[in-house]
Amino acid sequence: MLSRMMMSRTVKKPTDKPRNLPPIRVRKEPPTISEAVAAAQDLADDVEQQVEIAAGLIGLPPEEVRPHVLQAAQALAARPKTERAPERIISTGSGLRGPRTVIVERRAGRPLVERRLRPPLDGRR
């Protein structure tokens with residue numbers, strides 16, 4: 001009975017013609033004001049430049065963005081600054097040539113593969 005049901009079903013033939021794909025839809029979401037202000041602070045030190053950058057990222061006039069940039073600048077100034085440790089360059093090269101370039105590569109270890117041993121051949125089979 002099962003074979004009759006399978007025989008009665010129509011089977012689609014594969015087509016060799018390439019199908020046109022639908023166009024790719026890209027969502028465009030402008031950044032929020034806080035994201036734009038944070039990006040502007042990373043790109044420029046001057047507050048006016050930050051206002052222009054943030055306004056350009058959001059697409060708003062600079063007058064609407066300026067209070068947010070000023071507020072973020074005050075919050076950044078009120079936060080205590082932590083000093084980074086100075087970078088050290090250790091070089092064995094001479095001072096005339098400049099420091100040598102050191103490239104550190106990490107080698108990936110061999111993957112652990114569980115090996116299954118075959119059972120000994122039994123002649124009784």
For the residue pair [X] and [Y], what are the closest heavy atoms and their distance?
X	Y	result
L57	P31	O-CD, 3.5 Å
I58	T32	CD1-O, 4.2 Å
P61	A55	C-CB, 4.2 Å
A40	Q50	CB-O, 3.4 Å

- Same cluster (ILVMFWY, side-chain, under 4.5 Å), L70 and V37: yes
- Message: Starting from V47, can I reach V65 by hopping between I/L/V/M/F/W/Y residues whose side chains sit under 4.5 Å apart?
- Response: yes
- Approximate separation, where rounding is to 0.5 Å, of E52 CD and R66 CZ: 8.0 Å
- Task: Rounded to the nearest 0.5 Å, what's the gap from CG on L43 to CD on Q49? Could you check?
- Result: 10.0 Å
- Query: Around Q41, counting heavy atoms of other residues, nucleotides and ligands shown, do more than 12 lie under 6.0 Å from its CD?
  - Reply: yes
- Message: Can you confirm whether more than 12 heavy atoms, excluding those of D46, are under 6.0 Å from its CG atom?
- Response: yes
